[in-house]
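In what follows, a structure is listed as C-alpha cells, so that the remarks can point back to it.
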Amino acid sequence: MSLSISKINTISAFDAPVRTLLGPGPSDVPQRILAAMARPTIGHLDPEFVRMMDEMKALLKYTFQTNNAMTMAVSAPGSAGMEMCFANLVEPGDKVIVCRNGVFGGRMQENVVRCGGTAIMVEEEWGKPIDLQKVADALKAHPDAQIVAFVHAETSTGVRSDAEALVKLAHEHDCLTIVDTVTSLGGIPVLVDEWGIDAVYSGSQKCLSCTPGLSPVSFNNRAVAKITSRKSKVQSWFLDLNLVMNYWGAGAKRSYHHTAPINSLYGLHEALLMLHEEGLEESWERHQSNHLKLKAAIEPLGIDFFVEEKYRLPQLNAVNIPAGGNDAAIRKTLLEKYSLEIGGGLGPMAGKLWRIGLMGHSSNEANIEKLTMALGDVLGA
Ligand SMILES: *Cc1c(COP(=O)(O)O)cnc(C)c1O
C-alpha cells in the first residue's frame with residue numbers, strides 16, 4: 001500500500017510499566033479488578049449485563065449512602081459526571097452560586113457559563129475550605145439563585161470543605177446543590193441522603209481504585225423534578241438525563257442509548273464489591289490512619305503540610321516542596337528510579353506543592369514505606 005506512516009513498523013504491543021501510583025489519581029488498580037475487566041465482552045442489552053448493571057446501581061447506592069433511584073455510572077470520566085450535573089440542572093438564565101478554592105471550582109464556573117447560566121463566584125484562598133459566611137452572604141445578595149455548587153474534596157490543594165453544612169445552608173435558601181465528590185468518595189464520609197445532597201458526581205480512578213473513565217452520579221427527587229420540568233432541552237444529547245434514564249432507569253425497559261463500556265463496568269462492579277467487602281467505614285478509617293502514618297514518616301524529612309490539620313484530606317496530602325528542592329527533577333527521579341508517581345502542583349501551586357495521593361488501594365503501609373525511602377534518597381536526607 002502507498003500510505004506510509006513513519007515508524008509504524010517498529011510498533012509492538014504496549015507493555016505498560018508497573019508503577020506505584022501515589023499522585024492525585026489514578027490510584028493503583030488491584031489485580032482483582034484488572035482480572036474482572038478481562039472477562040468476556042457481552043452485549044450491553046444481554047440479560048446478564050442488565051443484571052450486572054442493576055447490581056452496580058445497588059453497589060453505587062451503598063457507596064454514596066443513598067436510596068436515590070437515579071444512581072448510575074456515566075460512561076466517561078469524572079469531568080463528564082460534572083458536566084452531566086450542570087448540563088441537566090442549569091437552564092439558560094439560571095443563577096448558580098459556585099464556590100472556588102482550587103482548580104475544580106473553576107471548572108464548575110466554566111460549566112455554568114457554557115450552559116447559559118450566570119455563575120456567582122464565592123472565592124476562597126487556595127488551601128482553605130469554603131467559608132460558610134461568604135456563601136451565606138452570596139445567597140442573601142442573590143435570592144434568585146437556584147443552585148449552589150462546590151467541591152467537597154479539592155484535589156488541587158488537598159482541602160476538605162464542610163459538605164453537610166454547605167448543603168444545609170443552600171437548602172435554607174431553597175437552592176439545589178451540586179457536589180463534586182470525585183476525590184472524596186470512598187476515602188472520607190460522603191453521606192448523600194443524610195446530608196441531603198441533590199446532585200453528586202464522582203470518578204472511578206481515585207478512592208475507588210478502578211481504572212479511569214467512569215463517573216458515578218446520583219440525583220435525588222428534587223433534582224430529577226427540576227430536570228423533568230425544564231423549559232429547554234438539555235443542550236448535550238449524550239448527557240441528557242431524560243434519555244440516559246431509559247438506559248439505566250429503575251425497572252424501565254432498557255432501550256439503546258449508547259453502548260456502555262462493558263468491560264470497564266465489570267471493573268467498577270468489582271471495585272465497588274471490594275469496597276463493600278472492606279466496609280465503607282473501615283475504608284475511611286484506613287485512609288485516615290495511613291494519612292497519619294505518612295505524616296509521621298515524612299515530617300522528619302523536612303516535608304510539611306500545606307493545609308491546616310483539621311481540613312486535610314487523608315487521601316490527598318498536599319505538602320510544601322522543601323526549600324531548594326527541584327520539583328521536576330525529583331519527580332522524574334522518583335518515577336525513573338523507583339517507578340513511583342506523585343503529583344505536582346496545579347495552576348498557581350505548580351512548583352510549590354507536591355500532591356501525595358493515598359487513595360483507595362494505594363493507601364497502604366508498604367507504599368508509605370516505599371515513598372519515605374525514595375524521598376529520603378532523592379532529598380539526601
Ligand atoms: C479528578 C477530578 C475531577 C475530574 O475527573 P476526571 O476523571 O479526571 O475527568 C473532577 N473533580 C475533582 C475534585 C477531581 O479530583
Side-chain angles (χ1 to χ4, degrees), residues 21-29 60 63-64 72-87 98-112 114 124 126-130 149-163 166 177-190 197 199-218 236 238-239 261 264-265 267-268 271 287 306-307 311-318 341-347 349-350 353-360 362-363:
L21 299 178
L22 301 181
S27 54
D28 286 341
V29 181
L60 282 174
T63 309
F64 275 128
M72 67 198 153
V74 180
S75 302
S79 304
M82 177 188 278
E83 196 128 358
M84 178 182 263
C85 290
F86 286 92
V98 175
C99 307
R100 173 165 59 186
N101 60 343
V103 166
F104 294 99
R107 291 190 178 180
M108 288 180 150
Q109 174 188 31
E110 205 38 56
N111 268 273
V112 171
R114 286 170 192 233
E124 193 47 70
W126 288 35
K128 300 240 162 74
I130 300 301
F150 66 90
V151 178
H152 183 206
E154 228 332 319
T155 323
S156 58
T157 59
V159 166
R160 174 204 319 235
S161 286
D162 187 344
L166 284 164
T177 47
I178 297 177
V179 184
D180 178 319
T181 65
V182 176
T183 280
S184 45
L185 193 68
I188 54 174
V190 175
I197 298 173
V200 63
Y201 60 92
S202 191
S204 49
Q205 78 278 26
K206 305 212 177 172
C207 294
L208 303 181
S209 261
C210 188
T211 50
L214 290 171
S215 178
V217 294
S218 186
S236 162
F238 183 66
L239 295 172
S264 294
L265 286 169
L268 184 59
H287 282 86
F306 173 60
V307 177
Y311 306 122
R312 282 178 202 159
L313 293 171
Q315 65 274 50
L316 197 285
N317 298 271
E341 177 180 282
I342 63 169
L346 274 187
M349 297 297 134
L353 292 185
W354 283 328
R355 293 179 300 148
I356 302 173
L358 292 177
M359 296 180 174
S362 288
S363 173

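Counting convention: from 1, in listed order, for ligands and their atoms alike. Along the sequence shown, the residues carry numbers beginning at 1.
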Would you mind running through ligand 1 and noting each atom that sits below 4.0 Å from a heavy atom of [X]?
| X | result |
| --- | --- |
| Gly78 | 5 (O), 6 (P), 7 (O), 9 (O) |
| Thr183 | 15 (O) |
| Lys206 | 1 (C), 2 (C), 3 (C), 14 (C), 15 (O) |

To which protein heavy atom is [atom] closest, and what is the distance rounded to 0.1 Å?
| atom | value |
| --- | --- |
| atom 11 (N) of ligand 1 | Asp180 OD2, 2.7 Å |
| atom 3 (C) of ligand 1 | Phe104 CE2, 3.5 Å |
| atom 15 (O) of ligand 1 | Thr155 OG1, 2.3 Å |

Ligand 1-proximal atoms of Gln205, by part, heavy-atom distance under 4.0 Å: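 The side chain, only.
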
Side chain, backbone, both or neither: the part of Ala80 lying under 4.0 Å from ligand 1 by heavy atom: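 No part of Ala80 comes within reach of ligand 1.
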
Nearest-0.5 Å distance that lies between atom OG in Ser184 and atom CE in Met359: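 Answer rounded to 0.5 Å: 10.0 Å.
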
Ala153 near ligand 1 by a heavy-atom separation under 4.0 Å: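 Checking ligand 1 against Ala153, which is what was asked, there is a heavy-atom contact under 4.0 Å.
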
Min heavy-atom dist His152 to ligand 1 below 4.0 Å: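 No.
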
Option among Ser215, Cys210, Ser264 that satisfies the side chain to side chain contact (heavy atoms under 4.5 Å, CB included) test with Ser204: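 Of the listed residues Ser215, Cys210, Ser264, the side chain to side chain contact (heavy atoms under 4.5 Å, CB included) partner of Ser204 is Cys210.
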
Nearest-option assignment for atom 4 (C) of ligand 1, heavy atoms, candidates Gly25, Pro212, Ser79: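 Of the listed residues, Ser79 has the closest heavy atom.
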
Short side-chain to backbone donor-acceptor contact, Arg355 and Gly344, under 3.5 Å: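 Yes: the side chain of Arg355 pairs with the backbone of Gly344.
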
